[in-house]
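The block underneath contains the structure these notes are about, expressed in structure tokens.
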Amino acid sequence: MNFWLVKQEPSKYNWQQLVEDKETPWDGVRNYQARNNLRAMKKADAVLFYHSVVGKAVMGIAQVAREAYPDPTTTDERWVVVNLRPVKPLKKPVSLESIKCHPDLRNMALIKQSRLSVMPLTEAEFRAILEIGATSFK
DNA sequence: GCCAACGTTGGC
DNA sequence: GCCAACGTTGGC
């Protein structure tokens, strides 16, 4: 299993909407690096959902329900989406501030490359965030 | 609202 | 292929 983090401004699409939708295509990615990460996602990979700009916190755990396929919101064949499904919310959202304070998370792409919207995590990073969020995950 | 970081575009 | 100009993202 691989570990990922996706981010979105909650005013555009947020964790609560994902919970209500049960499953959603992660569309609109228009950046090659992020696109390549989407392509590398495998079914059942774990994906943290981060709210950027407003909230600035990891809200919950999702999983890949469907691997990359062409983005239905464009005819441009360069772009792809995956489907995400909510797994569980974090007991406590993990703020950007607390991520920055954690010694094992200082090298996360979230911090080093703040504009990237889809990024891989190491398992250690994934586990550390769950620990801060007081949330278990098998 | 500002600005740094970064990506894209287009002229040469 | 280089680089200036411009646009976007996202933290502060």
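This one's a predicted model, so the numbers in the text were calculated from it and none came from an experiment. Reminder, nothing fancy here: chain letters follow the sequence lines and each chain counts from 1.
- Residue-level contact check: A:Leu96 touches the backbone only, with heavy atoms under 4.0 Å from sugar-phosphate atoms and none from bases.
- Aromatic pair A:Trp79/A:Tyr32: centroids less than 6.0 angstrom apart.
- Classified by interplanar angle (parallel below 30°, tilted 30° to 60°, perpendicular above 60°), the ring pair A:Trp26/A:Phe49 is perpendicular.
- Within the 4.5 Å cutoff, the side chain of A:Asn83 has no heavy atoms near those of the A:Val64 side chain.
- Considering only heavy atoms from C-beta on, A:Leu84 comes within 4.5 Å of A:Val6 through its side chain.
- Atom-to-atom distance recorded for A:Ser136:OG and A:Leu130:CG is 8.5 Å, nearest 0.5 angstrom.
- Residues A:Arg115 and A:Ser52 each lie close to DNA chain C; by heavy-atom proximity, the contact nearer the 5' end of the strand is made by A:Arg115.
- The footprint of chain A on DNA chain C, defined by a heavy-atom cutoff below 4.0 Å, extends from C:dG7 to C:dC12.
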